[in-house]
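The block underneath contains the structure these notes are about, expressed in structure tokens.
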Amino acid sequence: MVNPQGPPRARPTDITSPGPLLPRYGAVVGALLHLVVYVVAVLYSCAEQLFLKKDDSKIKKQDAPTPCALHCGKDGPIRNGHIGQRPPSINPERLKDFGEEDYLNGDVKTWEMKIVSHNEELLGDALSRIPQSSSRTSPLSYNKLIRFEDISAAAFKIQCGVQKTPCTYSRLSKQYGLDIYLKKEFLQYTGSVKERGVLSFLTSLPQDQQRKGVIVASDSNFSMAVAHHASELHIPVFVIMSTSTSPARVKTCREYGAMVISYGTTAKDSQTHARRLAQENSYLYLEEEDSAVYLSGLGTVGLEIYEQVPKLDAVIFPAGGHCGLLAGSAAALKHLDPHISVIGVESESFPVLQQSLKAGHPTEEQACSSHHFYGDVSGPCFGSNSLQLTGKLVDKVVAVREEDILISMLRLLEYERATVDAEGAIGLAALIAGKLPELKGKRVAIAICSGNLELHLLQQCIARALTLDNRVCRFSLVLSDCPGDIAKLLEILAREEARVLDIKQEHLFVTSELFTVEVTCIVETRDKIHTAQLRNALLERYPAVKWTER
């Protein structure tokens with residue numbers, strides 16, 4: 001009998017029950033899964049070790065303090081012991097091709113900048129004929145091409161360690177008939193522009209030499225800059241000074257952090273002792289030189305002046321034997337604008353630079369002064385780099401008298417409240433002496449680069465300058481020894497508004513008539529015109545008055 005519902009259906013297979021092929025495929029899939037998990041675990045382990053190594057190297061790199069970090073606070077660079085905001089880049093509008101390239105020379109971080117310009121040929125030609133020198137003990141004292149990019153790199157490297165000093169319009173402009181801008185480098189921490197070159201030099205030293213330390217033998221602005229910045233960079237620094245060095249200089253270097261040793265009665269004795277100590281203890285003996293790294297640091301003054309004073313016609317720098325500031329700044333200024341006149345000023349008594357330029361090489365036998373008043377103005381010419389750059393790029397070198405320097409110091413003290421030394425005042429002295437008549441009506445910047453004058457010497461300089469400026473004068477006359485005669489003399493002085501500084505009476509050794517007295521007066525006047533008026537008033541009343549000329 002046929003089933004009305006059709007043929008019987010096959011029993012459905014239970015999907016949970018394993019089929020005949022499932023064990024073989026399951027084993028393959030399981031093996032593949034284990035292999036994938038193992039490979040992922042190995043890759044993860046390798047990647048973890050790689051990232052840990054990178055993090056360790058970053059930490060080590062960050063732990064090594066850079067020269068800039070040693071001078072900068074958390075919120076910006078430290079300026080004369082105070083934390084302030086980081087200044088803007090030295091020349092942001094012109095460093096378009098700037099690229100920072102970090103490399104480690106030990107733990108010392110340096111920067112290189114690339115600025116391409118055809119004016120590099122000008123600077124290269126200036127140094128193409130420089131003879132090699134081996135008299136320096138510094139490893140960086142080789143003669144090397146100084147380029148504008150070197151100066152720009154130095155500006156970036158030292159911007160946290162030195163001030164970007166103001167270059168302000170001076171009230172002296174109206175008095176001398178031109179626009180005068182004063183670049184006030186005496187405001188640096190040690191009172192000298194030498195800080196720029198020193199910091200550029202010290203940050204370029206290898207790390208092993210920084211650990212060993214440096215030694216210098218002089219009491220100049222260079223030594224004080226080395227003492228300060230080496231201490232800031234945690235470089236052991238030793239300063240050897242002669243026993244004739246003033247106690248104030250010794251105290252200042254010690255306050256900067258240097259180990260000061262007094263040795264010998266002359267500077268030559270101190271230098272010999274310093275070289276011996278350097279050789280015995282592996283210190284680096286430093287003396288002011290004209291290597292490219294040092295000149296590049298000094299040349300940053302020219303960069304800043306160009307940025308701070310638009311439409312410059314001329315810039316005046318101190319010269320003398322140590323003309324590194326003049327040479328380095330001229331390299332920067334002539335690259336930026338060849339039409340800017342660069343002028344050097346030196347002392348008439350020690351025309352070191354003019355003699356060297358005339359001879360074509362640094363002259364060996366030169367008349368120099370050891371008096372602290374002159375400082376580096378009267379020092380010997382020390383390098384071919386500076387001399388060649390000066391001869392190629394500087395437009396003019398003039399000489400001024402000592403009297404002009406003293407009056408310049410007086411003018412800066414009165415009009416700018418700036419206490420400077422001969423090196424700082426010599427640039428303005430050229431205008432006061434009328435040595436640069438072609439600058440009338442022009443816009444001129446003057447580098448006031450040093451303000452380290454000892455107090456006792458400052459007092460003598462100001463007193464002498466007042467006399468030279470006809471503002472302190474002396475006269476003598478013979479009066480009868482009667483009551484009221486001296487009172488009448490004082491009435492004339494009061495009427496003429498002269499201030500009496502000193503008055504003396506001489507009775508015993510008077511060579512004139514009996515019963516007379518010789519009176520000597522020292523008075524202060526406003527200016528030369530006021531002095532002439534006082535003299536005429538005295539001659540009307542006392543025709544025999546003797547006026548002491550300066």
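Just so you know, these numbers use all the heavy atoms, side chains as well, and skip hydrogens, waters and symmetry mates. Source: prediction; values computed, not measured.
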Checklist entry - Can you check whether Val237 reaches Ser231 side chain to side chain, under 4.5 Å on heavy atoms? => result yes
Checklist entry - In this structure, are over 12 heavy atoms from other groups packed under 6.0 Å from His456 atom NE2? => result yes
Next on the checklist: For Leu187, is there any backbone N or O sitting under 3.5 Å from a side-chain donor or acceptor partner on Gln163?
Outcome noted: yes
Kindly list each side-chain donor-acceptor pair under 3.5 angstrom involving residues 166-173, sequence neighbours excluded, with atom names and distances?
residue, atom, partner, partner atom, Å
Thr168, OG1, Lys184, NZ, 3.3
Ser170, OG, Leu172, N, 3.1
Ser170, OG, Glu416, OE2, 2.6
Arg171, NH2, Tyr415, O, 3.3
Ser173, OG, Ser170, O, 2.8
Ser173, OG, Leu178, O, 3.4
Ser173, OG, Ile180, N, 2.9

Checklist entry - Tell me, do Thr419 and Leu458 make a side-chain contact under 4.5 Å, heavy atoms counted? => result yes
Item to check | Arg526 and Asp469 ion-paired at < 4.0 Å | outcome: no
Checklist entry - Are Asn385 and Ile146 side-chain neighbours, meaning at least one heavy-atom pair lies under 4.5 Å? => result no
Item to check | Test item: Leu387 and Leu353 side chains (from C-beta on) under 4.5 Å apart, heavy atoms | outcome: yes
Checklist entry - Looking at CG of Leu326 and OG1 of Thr390, how far apart are the two atoms once the value is rounded to the nearest 0.5 Å? => result 4.5 Å
Item to check | Under the side chain to side chain donor-acceptor pair (under 3.5 Å) test, residues paired with Thr531 that sit two or more places apart | outcome: Thr525
Next on the checklist: Run Ile343 and Val397 through side chain to side chain contact (heavy atoms under 4.5 Å, CB included) and show every step you take.
Outcome noted: CA-CA 6 Å; Ile343 301 169; Val397 178; over 6 Å; no
Item to check | CD-NE2 distance between Glu255 and His228, expressed to the nearest 0.5 angstrom | outcome: 12.5 Å
Item to check | Test item: Asp290 side-chain N/O and Ser386 main-chain N/O as donor-acceptor pair under 3.5 Å | outcome: yes
Checklist entry - For the residue pair Val345 and Ala430, what are the closest heavy atoms and their distance? => result CG2-CB, 3.7 Å
Next on the checklist: If you count heavy atoms of other groups shown closer than 6.0 angstrom to CD of Gln459, is the number above 12?
Outcome noted: no
Checklist entry - Do any N or O atoms from the side chain of Lys440 and from the backbone of Tyr176 form a donor-acceptor pair under 3.5 angstrom? => result yes
Checklist entry - Hey, is the main chain of Asp404 close enough, under 3.5 Å, to the side chain of Ser408 for a donor-acceptor pair? => result no
Checklist entry - Just how far is it from atom CZ of Phe317 to atom SG of Cys323, taken to the nearest 0.5 Å? => result 12.5 Å
Checklist entry - Do you know the tightest heavy-atom contact between Gln354 and Ala399? => result NE2-N, 4.1 Å
Item to check | CG-CD distance between Leu233 and Gln210, expressed to the nearest 0.5 angstrom | outcome: 6.5 Å
Item to check | Arg464 with Glu403: basic N within carboxylate O range, under 4.0 Å | outcome: no
Checklist entry - Is the backbone N or O of Arg196 less than 3.5 Å from a side-chain atom of Ser200, with the two atoms forming a donor-acceptor pair by type? => result no
Item to check | Residues Asp179, Lys174; criterion salt bridge (Lys or Arg N to Asp or Glu O under 4.0 Å); working and verdict | outcome: CA-CA 8 Å; Asp179 291 335; Lys174 297 179 180 179; over 6 Å; no
Next on the checklist: Given 3.5 Å as the limit, does a donor-acceptor pair link the side chain of Thr467 with the main chain of Ala463, or not?
Outcome noted: yes
Item to check | From CA spacing to verdict: side chain to side chain contact (heavy atoms under 4.5 Å, CB included), Val193, Val301 | outcome: CA-CA 8 Å; Val193 70; Val301 176; 3.5 Å; yes
Item to check | side chain to side chain contact (heavy atoms under 4.5 Å, CB included) involving Ser270 - partner list, sequence neighbours excluded | outcome: Ala217, Ile240, Ser242
Next on the checklist: Distance check, rounded to the nearest 0.5 Å: Ser329 atom OG versus Leu303 atom CG?
Outcome noted: 8.5 Å
Checklist entry - Hey, does the side chain of Asn536 reach the backbone of Ala532 with a donor-acceptor pair shorter than 3.5 angstrom? => result yes
Checklist entry - Can you tell me if Glu289 and Ser291 form a side-chain donor-acceptor pair at under 3.5 Å? => result yes
Checklist outcome for this item: Between Gly424 and Leu412 the two heavy atoms that sit nearest each other are O-CD1, 4.4 Å
Checklist entry - Quick one: does Val400's side chain get under 4.5 Å of Ser347's, heavy atoms only? => result no
Item to check | Within-4.5 Å side-chain heavy-atom neighbours: Gln271 and Tyr285 | outcome: yes
Checklist entry - Under 3.5 Å, is there a donor-acceptor pair between the Lys164 and Gln308 side chains? => result no
Next on the checklist: Under a 3.5 Å threshold, yes or no: a donor from one side chain and an acceptor from the other, between Lys194 and Ser450?
Outcome noted: no
Next on the checklist: So, using side chain to side chain donor-acceptor pair (under 3.5 Å) as the criterion, who are the partners of Lys396 when residues are at least two apart?
Outcome noted: Glu438
Checklist entry - With no hydrogens and no angle check, do the side chains of His322 and Glu288 hold a donor and an acceptor under 3.5 Å apart? => result yes
Item to check | Minimum heavy-atom distance between Ile340 and Val315, given as atom pair plus value | outcome: CG2-CG2, 4.0 Å
Next on the checklist: Distance check, rounded to the nearest 0.5 Å: Asp150 atom CG versus Leu295 atom CG?
Outcome noted: 10.5 Å
Next on the checklist: Closer than 3.5 angstrom, by distance alone: can the side chain of Arg249 be matched with the main-chain N or O of Asp219 as a donor-acceptor pair?
Outcome noted: yes
Item to check | Shortest non-hydrogen separation from Cys473 to Trp547 and the atoms involved | outcome: SG-CZ2, 3.5 Å
Checklist entry - Taking the six-membered ring for Trp, are Tyr294 and Phe222 parallel (under 30°), tilted (30 to 60°) or perpendicular (over 60°)? => result perpendicular
Checklist entry - Who pairs with Ser223 by side chain to side chain donor-acceptor pair (under 3.5 Å), at least two apart in sequence or on another chain? => result Ser218
Item to check | Glu524 and Arg471 ion-paired at < 4.0 Å | outcome: no
Next on the checklist: Could you work out, with side chain to side chain donor-acceptor pair (under 3.5 Å) as the rule, every residue matching Gln460, not counting sequence neighbours?
Outcome noted: none
Next on the checklist: Quick one, Phe148 with Leu336, criterion side chain to side chain contact (heavy atoms under 4.5 Å, CB included). Give me CA distance, side-chain angles, the key distance, then yes/no.
Outcome noted: CA-CA 9 Å; Phe148 177 75; Leu336 296 168; 3.6 Å; yes
Checklist entry - Distance only, no hydrogens: is a donor on one side chain within 3.5 Å (strictly under) of an acceptor on the other, for Asn452 and Asn221? => result yes
Item to check | Heavy-atom closest pair, residues Val239 and Ala258 | outcome: CG2-CB, 3.8 Å
Checklist entry - Is Thr165 close to Lys183 at the side-chain level, that is, under 4.5 Å between some pair of heavy atoms? => result yes
Next on the checklist: Using the rule given for side chain to side chain contact (heavy atoms under 4.5 Å, CB included), can you reason through Glu185 versus Ile448, listing the C-alpha separation, both sets of side-chain angles and the distance that settles it, and then say yes or no?
Outcome noted: CA-CA 6 Å; Glu185 282 297 304; Ile448 311 298; over 6 Å; no
Item to check | Close side-chain approach of Glu232 and Leu199, heavy atoms under 4.5 Å | outcome: no
